Asker: 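What follows is a structure written as structure tokens; I'll ask about it next.
Every value quoted in this text rests on a predicted model; they were computed, and no experiment measured them. Note on naming: letters A, B, ... go to the chains in the order of the sequence lines (proteins, then strands), and numbering restarts at 1 for each one.
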Amino acid sequence: MARQYWLMKSEPYVYSIDDLQRDGTTYWDGVRNYAARNIMRDRMRIGDRVLYYHSNAKPPGVAGIAEVCRESYPDHTQFDPSSKYHDPKATDENPRWFMVDVRFVEKFEREVSLPEIRATPELAEMVLVNRSRLSVQPVTQAEYDRIVGMAAAASEEG
DNA sequence: GCCAACGTTGGC
DNA sequence: GCCAACGTTGGC
């Protein structure tokens with residue numbers, strides 16, 4: 001299968017691209033939305049590229065690139081009563097929530113902000129700008145390439 | 001801090 | 001199965 005492209009949101013003061021760079025890899029726990037879960041559980045493949053998006057930031061934007069390095073497996077936090085992600089309806093035999101692992105690839109010299117994305121006609125169809133509250137979402141290769149290009153152009157302008 | 005979008009829950 | 005109430009996300 002050809003490489004696929006995704007966008008994943010993280011609040012930077014919870015877990016930023018810098019945290020991922022430091023750790024190298026991380027597991028994407030805590031997703032509790034079925035549409036986002038289904039993407040991770042059913043569609044993400046090793047080697048897929050991920051735009052790493054900082055949500056709830058000023059401004060929000062794409063901060064860098066990660067890649068999928070482990071395909072879906074149960075999110076352990078659903079079984080942990082002390083976790084805020086605990087799900088009492090989930091069992092070992094019937095886990096409800098799944099996650100993938102991602103690996104750090106690159107931190108952009110400069111973030112591509114949401115206002116910039118909104119101002120770019122070629123990105124008008126992005127899920128990011130058309131559907132709120134979806135923390136894991138598909139991106140087309142053209143959209144991915146455009147954003148990576150914008151990050152490079154921004155950093156050259158310095 | 002506000003609030004729109006929208007997903008989830010639960011009564012019926 | 002409908003839908004009102006409620007909770008969360010996330011931009012501003």
Side-chain angles (χ1 to χ4, degrees), chain A residues 4-23 26-44 48-68 72-102 104-140 142-144 146-151 153-155:
Chain A
Q4 305 172 102
Y5 301 90
W6 312 100
L7 180 147
M8 298 172 93
K9 298 179 183 176
S10 182
E11 301 188 35
Y13 43 86
V14 176
Y15 197 86
S16 73
I17 189 80
D18 295 313
D19 295 318
L20 182 60
Q21 182 166 24
R22 178 197 64 219
D23 295 341
T26 194
Y27 49 79
W28 209 268
D29 63 319
V31 169
R32 293 295 181 270
N33 169 285
Y34 287 106
R37 178 206 67 179
N38 291 349
I39 289 173
M40 291 199 294
R41 188 189 62 186
D42 303 335
R43 297 175 63 189
M44 284 186 157
D48 285 358
R49 289 290 164 127
V50 175
L51 294 174
Y52 198 105
Y53 181 86
H54 282 169
S55 61
N56 256 314
K58 295 178 181 178
V62 179
I65 300 168
E67 83 176 11
V68 177
S72 83
Y73 60 107
D75 177 343
H76 57 86
T77 61
Q78 70 193 302
F79 308 123
D80 177 0
S82 69
S83 170
K84 70 171 180 170
Y85 299 122
H86 179 235
D87 185 342
K89 294 179 183 168
T91 64
D92 286 331
E93 297 74 26
N94 235 332
R96 182 182 293 197
W97 304 108
F98 292 80
M99 61 187 184
V100 299
D101 289 358
V102 300
F104 175 83
V105 173
E106 177 187 337
K107 179 185 176 181
F108 290 161
E109 290 293 321
R110 216 177 81 185
E111 289 191 18
V112 178
S113 73
L114 181 59
E116 280 179 81
I117 290 170
R118 286 193 192 282
T120 304
E122 291 84 353
L123 300 177
E125 300 303 313
M126 280 190 76
V127 176
L128 182 69
V129 299
N130 291 292
R131 178 166 174 191
S132 66
R133 304 178 45 198
L134 184 60
S135 63
V136 179
Q137 54 182 255
V139 174
T140 69
E143 290 161 352
Y144 177 90
R146 167 72 54 153
I147 286 177
V148 171
M150 288 165 72
S155 63

Asker: Please work out if A:K58 contacts a base, only the sugar-phosphate, or nothing of the nucleic acid, heavy-atom cut-off 4.0 Å.
Answerer: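 Since no nucleic acid heavy atom lies under 4.0 Å of A:K58, the category is nothing.
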Asker: Can a donor-acceptor pair be found between the side chains of A:Y85 and A:D80 at a distance below 3.5 Å?
Answerer: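 There is no such pair between these side chains.
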Asker: Using the test side chain to side chain contact (heavy atoms under 4.5 Å, CB included), find all partners of A:P74 that sit at least two apart in sequence or belong to another chain.
Answerer: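 For A:P74 the side chain to side chain contact (heavy atoms under 4.5 Å, CB included) partners, ignoring immediate neighbours, are A:Q78, A:F79, A:P95, A:F98.
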Asker: With sugar-phosphate meaning primed atoms plus P, OP1 and OP2, does A:R131 contact a base, only sugar-phosphate, or nothing at under 4.0 Å between heavy atoms?
Answerer: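 Touches sugar-phosphate only.
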Asker: Hey, where on DNA chain C does chain A first and last touch, going 5' to 3'? Cut-off is any atom under 4.0 Å from a heavy atom.
Answerer: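 Endpoints of the contacted stretch of DNA chain C: C:dG7 to C:dC12.
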Asker: Considering heavy-atom distances to DNA chain B, does A:N130 or A:N56 have its closest nucleotide positioned more toward the 5' end?
Answerer: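 The 5'-side residue here is A:N56.
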Asker: For the ring pair A:W97 and A:Y34, is the centre-to-centre distance below 6.0 Å?
Answerer: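 Yes, ring centres under 6.0 Å apart.
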Asker: Mind checking salt bridge (charged side-chain N to carboxylate O under 4.0 Å, His left out) for A:E67 and listing every partner two or more places apart, or none if nothing turns up?
Answerer: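 Once residues adjacent in sequence are excluded, the partners of A:E67 under the salt bridge (charged side-chain N to carboxylate O under 4.0 Å, His left out) criterion are A:R49, A:R103.
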Asker: Are any of the side-chain nitrogens in A:R43 or A:D48 under 4.0 Å away from the carboxylate oxygens of its partner?
Answerer: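 No, this pair does not count.
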